[in-house]
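Working notes, structure below.
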Number of protein chains: 2
Amino acid sequence: MNIGEAATQSGLPAKTIRYYEDIKLIAPLRDANGYRDFSDADVHKLGFLSRARTLGFTIENCRALLGLWEDQSRASADVKRIAAEHLAVIESKIADLCQMRDTLEHLMNTCHGDDRPDCPIINELASRR
Amino acid sequence: MNIGEAATQSGLPAKTIRYYEDIKLIAPLRDANGYRDFSDADVHKLGFLSRARTLGFTIENCRALLGLWEDQSRASADVKRIAAEHLAVIESKIADLCQMRDTLEHLMNTCHGDDRPDCPIINELASRR
DNA sequence: CTTGACCTTCCAGTTACTGGAAGGCCCATG
DNA sequence: CATGGGCCTTCCAGTAACTGGAAGGTCAAG
């Protein structure tokens, strides 16, 4: 099938699929006219990538996971380790963002937000520490 | 003062400070030898930028906030609006990450993570939907 | 005078795409 | 048979916010 159909079926934009071929995550065949020809297996792989990316795995994580997926004899521990590392990254990001949110919320609560110039948000950012 | 001292005082790497000059967030004077010469006001501004960036404001947010900081007559509502928009972005990111975390945690709990090949994490990623 | 710590500019790379230009291919309609 | 629209192709550039490194100038100490 052509890239448009593969895009529809996998839920990934055609541009992204071409990019994934560029970085050698997939290698669809080519028709005589130069068009990419995606097999069901290719589309399945794209779906895998789409789901892994949705879970926030990096491209290099995805490359590793694809390798493990295709290695019928890999240990589930290998997969779990990648997932655990990724989970740690996610949790750390969440913690950072929550910290930001709390600080910002606090600042917002102390700022009256009217047309007067006095503003605790700016004051806090400007304060030498 | 030289860039090294400005870096120490502001907590920003010298590279980042040069970058901020590049994109016209700051405009330190120059000594006869070509070295940047940072005033206390410059360093203060760098501290402001550092704190705003720590709170996750984008560079363009920072540019706007700097403008508001230097405008003694701006309304606090202007600042609060930027902060509120930013807060919404942060909260949306947190929600996305929490979603990822929950899904990943669930998958990790169902994966025994030993040396057998069967792995629910991979299976889930591979499942056609 | 040399050494080492500074400083300068410029170029390239990072992540994961995304937009757009220029041009080829395919099918249906007039 | 021509043409138009919708596919497809490649290639180049841009995004955000730095970061690393090379090549070379400056300065203060010994």
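In what follows, every chain begins at residue 1, and chains take the letters A, B, ... in the order their sequences are listed.
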Quiz item: When we call it a touch if two heavy atoms are under 4.0 Å apart, what does Arg18(A) touch: a base, just sugar-phosphate, or nothing?
Solution: base
Quiz item: Rounded to whole angstrom units, what separation is found between the CG atom of Asp31(A) and the P atom of dC27(C)?
Solution: 11 Å
Quiz item: Which nucleotide in the list dT9(C), dC11(D), dC7(C) gets nearest to the side chain of Asn2(B)?
Solution: dC7(C)
Quiz item: Would the number of heavy atoms belonging to other residues, nucleotides or ligands and lying under 6.0 Å from NE2 of His112(B) be above 12?
Solution: yes
Quiz item: If you draw a 6.0 Å radius around CD in Glu70(A), do more than 12 non-hydrogen atoms from other residues or ligands fall strictly inside?
Solution: yes
Quiz prompt | Distance in angstrom units between Glu21(B) CD and dC10(C) C1', rounded | solution = 14 Å
Practice problem: Round to the nearest Å and state the distance from Lys93(A) atom NZ to dT15(C) atom C1'. | Solution: 10 Å
Practice problem: Could you check if a side-chain atom of Asp31(A) sits within less than 4.5 angstrom of a side-chain atom of Asn2(A), using non-hydrogen atoms only? | Solution: yes
Quiz item: Is any side-chain heavy atom of Cys111(A) less than 4.5 Å from a side-chain heavy atom of Met108(A)?
Solution: no
Exercise. Name the nucleic acid region contacted by Ile3(B), choosing base, sugar-phosphate or nothing; use a 4.0 angstrom heavy-atom cut-off, strictly under.
Key: sugar-phosphate
Quiz item: Over how many whole Å does the gap from Arg53(B) atom CZ to dA17(D) atom C1' extend?
Solution: 6 Å
Exercise. With the side chain of Tyr35(A) defined as its heavy atoms from C-beta on, choose the nearest nucleotide among dC10(C), dC25(C), dG20(C).
Key: dC25(C)
Quiz prompt | Closest listed nucleotide, where the reference is the side chain of Thr16(A) and the choices are dT8(C), dG20(C), dC17(C) | solution = dC17(C)
Practice problem: Could you check how far OH of Tyr20(B) sits from C1' of dA16(D), rounded to whole Å? | Solution: 11 Å
Quiz item: In whole Å, what is the span from the CD1 atom of Ile59(A) to the P atom of dT15(C)?
Solution: 10 Å
Quiz prompt | Nearest-Å distance for atom pair CD1/P, residues Ile17(A) and dT9(D) | solution = 10 Å
Practice problem: Please tell me if the side chains of Val79(A) and Trp69(A) come closer than 4.5 Å, counting only heavy atoms from C-beta onward. | Solution: no
Self-check item: Arg30(A) vs dT10(D): side-chain N/O to OP1/OP2 distance below 4.0 Å
Solution: yes
Quiz item: Between dG6(D) atom C1' and Glu5(A) atom CD, what is the distance in whole Å?
Solution: 15 Å
Self-check item: Side-chain N or O of Asn33(A) closer than 4.0 Å to phosphate OP1/OP2 of dG24(C)
Solution: no
Exercise. Would you indicate, yes or no, if dT8(C) has its OP1 or OP2 atom less than 4.0 angstrom from a side-chain nitrogen or oxygen of Arg36(B)?
Key: yes
